[in-house]
**Q** 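Below is one structure. I have some questions about it.
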Amino acid sequence: TTKAVILVGGPSRGTRFRPLSLDLPKQQPLFEVAGHPIIEHCFAAVTRVPEIREVFIVGYYDESVFRDFIKDCSRSYPQISIRYLREYQALGTAGGLYHFRDAILKGKPDRFFVLNADVCCSFPLEQMLRLFEEKDAEAIILGTRVPNDSATNFGCIVSDAHSKRVLHYVEKPESHISNLINCGVYLFATDTIFPSIKSAMKRRADRPRLVSYPSSDALDRTYLPQEDDEDGEKTEVIRLEQDILSDLADSRQFFVLETKDFWRQIKTAGSAVPANALYLMKAFQQQSEELAKPSATILPPVFIHPTAHVDPTAKLGPNVSIGPRATIGAGVRIKEAIVLEDAEIRHDACILYAIIGWSSRVGAWARVEGTPTPVREHSTSVVKNGVKVQSITILGKECTVADEVRVQNCVCLPYKELKRDVTNEVIM
Ligand code: GDD
Ligand code: GTP
């Protein structure tokens, strides 16, 4: 049998999801894109693999965060057991797996999937299983090609093109080694991964070292202190990427499945806009009943929550999600955007490449707009007149934009009132 683990991390890592995460009734994995929480897209992929009966969400958020989500999932998929396993502190991507190994190993599964919750992709899990069997593998990693200049923001894979064997793996290398990168989706044989983690832990204990990790993104990195747990034992963070994957590459039974399908990371709030577009397009291709019916004013794909109110003269799409109880007035134009719960867009306003936060209000004839980012681009900032600006305009919770005001390439923290035009600013 096969199980699945979805890694969700914890609240301290929400910094890049500002300003939406600043005022969270919801946490990042529960942020909705294309009408569903980010994590539900991962869970849905797992449910499509018939042999998976048990799914664990592993992280260090409070227990209460995923309670309702899990209840909903158990109701929709009664054949699958889904549970949240909470780390008492951040244990790292491999540390969490190891800590909960008894739960994962129960019932003796031969293998299990590990999914980073903060990625958006088509999750070709069945193909990974097939490659696993074909190669009699110990591990499969999902890889994708990205433009050379973004590759070093990710884990980089050097593979043998013919055998698909992973020859080298380097997490966020200093300089270019490959444009085939780690998508954050793995399939591991249970009988090799836990011994690998164990020996990495032992190595670590024998050779004390810094617990900080090199990273190209200082913003997102927290320096994790070495802490003593209740038993007075040294507990340390163990990461799959830095501590385990390069060893697996030496074992020679580690293979990569390269996906040609879409893949994006969802780290920043702005990246929710391209993720929304990708999942909507996927739903559209699959002729999902959930999407709004195309018409003169609905350019597909568009998701409108059943409780939202959209004036029939408003023109929506492509790639628009309208959240619960949102109100969209007459003559409004929205494209490439997410409008969250209880937001109100008054008549003739225009929303492009933007996220409108919970309960925000956009006035009549106002414009809230960002700049399109190239599809292949793995970043949501653009350079304008030599300055890096946010390409997606984001209004945090309960912001107000006055009538006829234009907000362009801005990030606006919660509860702000915008009464005059603003461009390329962070409004605090
Ligand atoms: N349970 C748990 N405990 N989960 C964690 C922890 C932890 O201590 N730390 C991170 N995570 C979760 C995050 O929520 C995310 O889903 C995943 O593990 C990886 O997060 P990071 O450790 O922040 O790595 P990253 O996102 O910068 O890079 C990883 O993902 C890229 C693809 O998106 C790496 O695997 C890269 O190689 C990869 O390219
Ligand atoms: P298409 O790309 O074929 O849809 O044509 P287009 O680019 O001329 O128009 P689109 O509907 O894509 O909207 C682009 C711009 O037109 C926006 O910047 C809006 O300012 C403006 N616009 C179009 N329709 C409306 C509308 O019904 N109301 C408002 N307020 N603005 C609109």
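Each ligand, and each atom within it, is numbered from 1 in the order the structure gives. Both backbone and side-chain heavy atoms feed into the values below; hydrogens, waters and symmetry mates do not.
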**Q** Inspect the surroundings of CD in Glu134 and state if more than 12 heavy atoms from other residues, nucleotides or ligands are less than 6.0 Å away.
**A**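 Check passes, neighbour count above 12.
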**Q** Could you tell me, atom by atom, which parts of ligand 1 come under 4.0 Å of a heavy atom of Gly155?
**A** 36 (C), 37 (O), 38 (C), 39 (O)
**Q** Pick one of side chain, backbone, both or neither for how Val237 approaches ligand 1, counting any non-hydrogen atom pair under 4.0 Å.
**A**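 Near ligand 1, Val237 shows nothing, with every heavy atom at 4.0 Å or more.
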**Q** Do Ile181 and ligand 1 have an N or O pair less than 3.5 Å apart?
**A** no
**Q** Are Ser360 and Thr400 side-chain neighbours, meaning at least one heavy-atom pair lies under 4.5 Å?
**A** no
**Q** Which one of Arg239, Gln28, Glu87, Lys172 has a non-hydrogen atom at the shortest distance from atom 24 (O) of ligand 1?
**A** Lys172
**Q** Does Gln265, backbone or side chain, put an N or O under 3.5 Å from an N or O of ligand 1?
**A**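 Yes; the residue has a nitrogen or oxygen that sits under 3.5 Å from a nitrogen or oxygen of the ligand.
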**Q** Do Tyr61 and Phe66 make the cut of ring centroids closer than 6.0 angstrom?
**A** yes
**Q** Over 60° means perpendicular and under 30° means parallel, so classify the ring planes of Phe154 and Trp263, tilted if in between.
**A** perpendicular
**Q** So is Ala90 in contact with ligand 1, going by heavy-atom distances below 4.0 Å?
**A**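 Contact present.
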**Q** Should the ring pair Phe303 and His305 be called parallel, tilted or perpendicular, given that the plane angle runs from 0 to 90° and is split at 30 and 60?
**A**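 Rings of Phe303 and His305: perpendicular, over 60°.
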**Q** Just to check, does Phe56 reach to within less than 4.0 Å of ligand 1 when the distance is taken from its heavy atoms?
**A**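 Phe56 does not count as a contact of ligand 1 under the 4.0 Å cut-off.
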**Q** I'd like to know if Arg203 pairs up with Asp247 as an ion pair, taking the criterion as any Lys NZ or Arg NE/NH1/NH2 lying under 4.0 Å from an Asp or Glu carboxylate oxygen.
**A**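 Judged by the 4.0 Å cut-off on N to carboxylate O distance, Arg203 and Asp247 do form a salt bridge.
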**Q** Provide the number and element of each atom of ligand 1 under 4.0 Å from a heavy atom of Gly59.
**A**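 Heavy-atom distances to Gly59 below 4.0 Å select 1 (N).
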**Q** Does this structure show an ion pair linking Asp206 with Lys202, if we count only N-O contacts that are shorter than 4.0 Å?
**A**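 Judged by the 4.0 Å cut-off on N to carboxylate O distance, Asp206 and Lys202 do form a salt bridge.
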**Q** So which of Thr144, Asn116, Leu245 gets nearest to atom 29 (C) of ligand 1, if we judge by its closest heavy atom?
**A**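 Minimum heavy-atom distance to atom 29 (C) of ligand 1 goes to Asn116.
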**Q** Give the atoms of ligand 1, by number and element, whose distance to some non-hydrogen atom of Asp118 is under 4.0 Å.
**A**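 Going through ligand 1 atom by atom, the ones under 4.0 Å from Asp118 are 15 (C), 16 (O), 26 (O).
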**Q** Does any part of the side chain of Ile6, heavy atoms only, come nearer than 4.5 Å to the side chain of Ile39, both counted from C-beta?
**A** yes
**Q** Centroid-to-centroid, Phe123 to His41, below 6.0 Å?
**A** no
**Q** Considering only heavy atoms of Trp263, which atoms of ligand 1 have at least one such atom less than 4.0 Å away?
**A** 32 (C), 33 (O)
**Q** Is there a heavy atom in Tyr169 that sits closer than 4.0 Å to ligand 1?
**A**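 Distance cut 4.0 Å: Tyr169 passes for ligand 1.
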**Q** Within a distance under 4.0 Å of any heavy atom of Ala117, pick out the atoms of ligand 1 and give their elements.
**A** 16 (O)
**Q** Report yes if Gly92 has an N/O atom closer than 3.5 Å to an N/O atom of ligand 1; otherwise report no.
**A** yes
**Q** Is the closest heavy-atom distance from Tyr61 to ligand 1 below 4.0 Å?
**A** no
**Q** Quick check: closest heavy atoms across Val8 and Ala117, and the distance to 0.1 Å?
**A**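 In terms of heavy atoms, the two residues are closest at CG1-CB, 3.8 Å.
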**Q** Counting heavy atoms only, which of His99, Lys267, Glu241 is nearest atom 35 (O) of ligand 1?
**A**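 The nearest heavy atom belongs to Glu241.
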**Q** Would Val119 count as a polar contact of ligand 1, with the cut-off being nitrogen or oxygen pairs under 3.5 Å?
**A** no
**Q** Less than 3.5 Å between some nitrogen or oxygen of Phe154 and one of ligand 1, yes or no?
**A** no
**Q** What atoms of ligand 1 come closer than 4.0 angstrom to any heavy atom of Val8?
**A** 14 (O)
**Q** Kindly give the heavy-atom pair with the smallest separation between Gly96 and Leu91, and that separation in Å.
**A** N-CB, 3.7 Å
**Q** Just which atoms of ligand 1 are under 4.0 Å from any heavy atom in Tyr186?
**A**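 Contacts of ligand 1 toward Tyr186, numbered from 1: 35 (O).
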**Q** Near Leu91, which atoms of ligand 1 are under 4.0 Å from a heavy atom of that residue?
**A** 8 (O)
**Q** Around Gln79, counting heavy atoms of other residues, nucleotides and ligands shown, do more than 12 lie under 6.0 Å from its CD?
**A**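 Check passes, neighbour count above 12.
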**Q** Counting heavy atoms only, which of Leu7, Leu240, Asn182, Leu97 is nearest atom 39 (O) of ligand 1?
**A**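 Going through Leu7, Leu240, Asn182, Leu97 one by one, Asn182 has the nearest heavy atom to atom 39 (O) of ligand 1.
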**Q** So between Val185, Thr93, Ile38, Ile238, whose heavy atom ends up nearest atom 9 (N) of ligand 1?
**A**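 Looking at heavy atoms only, the winner is Thr93.
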**Q** Are Glu133 and Arg111 close enough for a salt bridge, meaning some N to O gap below 4.0 Å?
**A** yes
**Q** Evaluate the ring planes of Tyr98 and Phe194, with Trp represented by its six-membered ring, and classify them as parallel (under 30°), tilted (30 to 60°) or perpendicular (over 60°).
**A**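 Because their plane-to-plane angle lies in the 30° to 60° range, the rings of Tyr98 and Phe194 count as tilted.
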